[in-house]
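Heavy atoms only: backbone and side chains are in, while hydrogens, waters and symmetry mates are out.
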Amino acid sequence: MRIFRKCLSFAYGVRGAVSKLVVAAFIAAPLPAMAAPVTVLALGDSLTQGYGLAPEEGLVPALGRWLAENGAEVELINAGVSGDTTAGGRARVAWSLTPEVDAVIVELGGNDLLRGLPPEEARANLDAILSEVSGRGLPTLLVGLPAPGNYGPRYKADFDAIWPELAAKYDAVLLPNLLAPIAELSPRDRAGRNLMQDDNIHPAPAGVALVIEALGPKVLELLAKVPAG
């Protein structure tokens, strides 16, 4: 399996179990009635799962804390599975959408890149995932990852076009590159700030925190699309 350090692609290990994290923001002013927390399913791969990190340091727990600090009462379901491709996500999305789910984050595609799978396959799988979610009346945040240049300009153009085009088709909130806040920095800066784990692929806790600063506002956009009540 090739590693694309330049693009900070994900590497994937042993499959992880789905877990839940409940986070709440306590509002100082008393309210006549408290609405139930919004439940968000995070369907993803090793980065969603929290590969190589302590349970409390992973993307989902960190996102939960950020949301709580920003006044959102949310239950996050960590449905990240290391090694998952878009095909794997497609195979499990239907049974992952349990009745309590109000919105979905889809973060898949890194393994497709690592394996050099055809962009049309990734597009078809993500299209099917978003169709399933949309068919249930649930809003989606689509989180992308750009292709490296190793496979040529045509491959990169076809793969990179998936995210904005599917987001437009399904009226999804879009984050084109989850790792952009890290990738935009020089290797020296990344090393000096301890943003990456020793494999130089997965974000370390400081890197996760940097990613959350970009991801968190997008999740707030997603929450704003959840129907009231």
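- Atom CZ of residue Arg193 and atom CG of residue Leu210 lie 5.5 Å apart, to the nearest 0.5 angstrom.
- Atom CG of residue Asp45 and atom OG1 of residue Thr86 lie 10.0 Å apart, to the nearest 0.5 angstrom.
- Counting only distance, with no hydrogens or angles, the side chain of Arg92 and the backbone of Leu43 share no donor-acceptor pair below 3.5 Å.
- Residues Glu107 and Thr48 have side chains that bring a donor and an acceptor to within less than 3.5 angstrom of each other.
- Closest of all the heavy-atom pairs between Ser82 and Ser46 is OG-CB, 3.3 Å.
- Between the Asp160 side chain and the Pro146 main chain, no donor and acceptor come within less than 3.5 Å of each other.
- Scanning both residues, Ala124 and Arg90, for their nearest heavy atoms gives O-NH1, 3.9 Å.
- Note: Asp112 CG to Leu117 CG = 5.0 Å, rounded to the nearest 0.5 Å.
- The existence of a salt bridge linking Arg123 and Asp127 is excluded, since no basic side-chain nitrogen approaches an acidic carboxylate oxygen closer than 4.0 Å.
- For Ala204, the side chain to side chain contact (heavy atoms under 4.5 Å, CB included) test picks out Gln197, with sequence neighbours left out.
- Under the 4.0 Å criterion applied to side-chain N and carboxylate O atoms, Arg136 and Glu132 are assigned as salt-bridge partners.
- Aromatic ring orientation, Tyr155 versus Tyr151: tilted (interplanar angle from 30° to 60°).
- Exactly one of Leu175, Thr140, Leu63, Ile77 qualifies for a side chain to side chain contact (heavy atoms under 4.5 Å, CB included) with Ile105. That residue is Leu63.
- Closest of all the heavy-atom pairs between Glu75 and Pro37 is N-CB, 4.4 Å.
- For Arg154, the side-chain hydrogen bond (donor to acceptor under 3.5 Å, both in side chains) criterion is met by Asp158, not counting sequence neighbours.
- Rounding to the nearest 0.5 Å gives a distance of 11.5 Å between CG of Leu130 and CG of Asp171.
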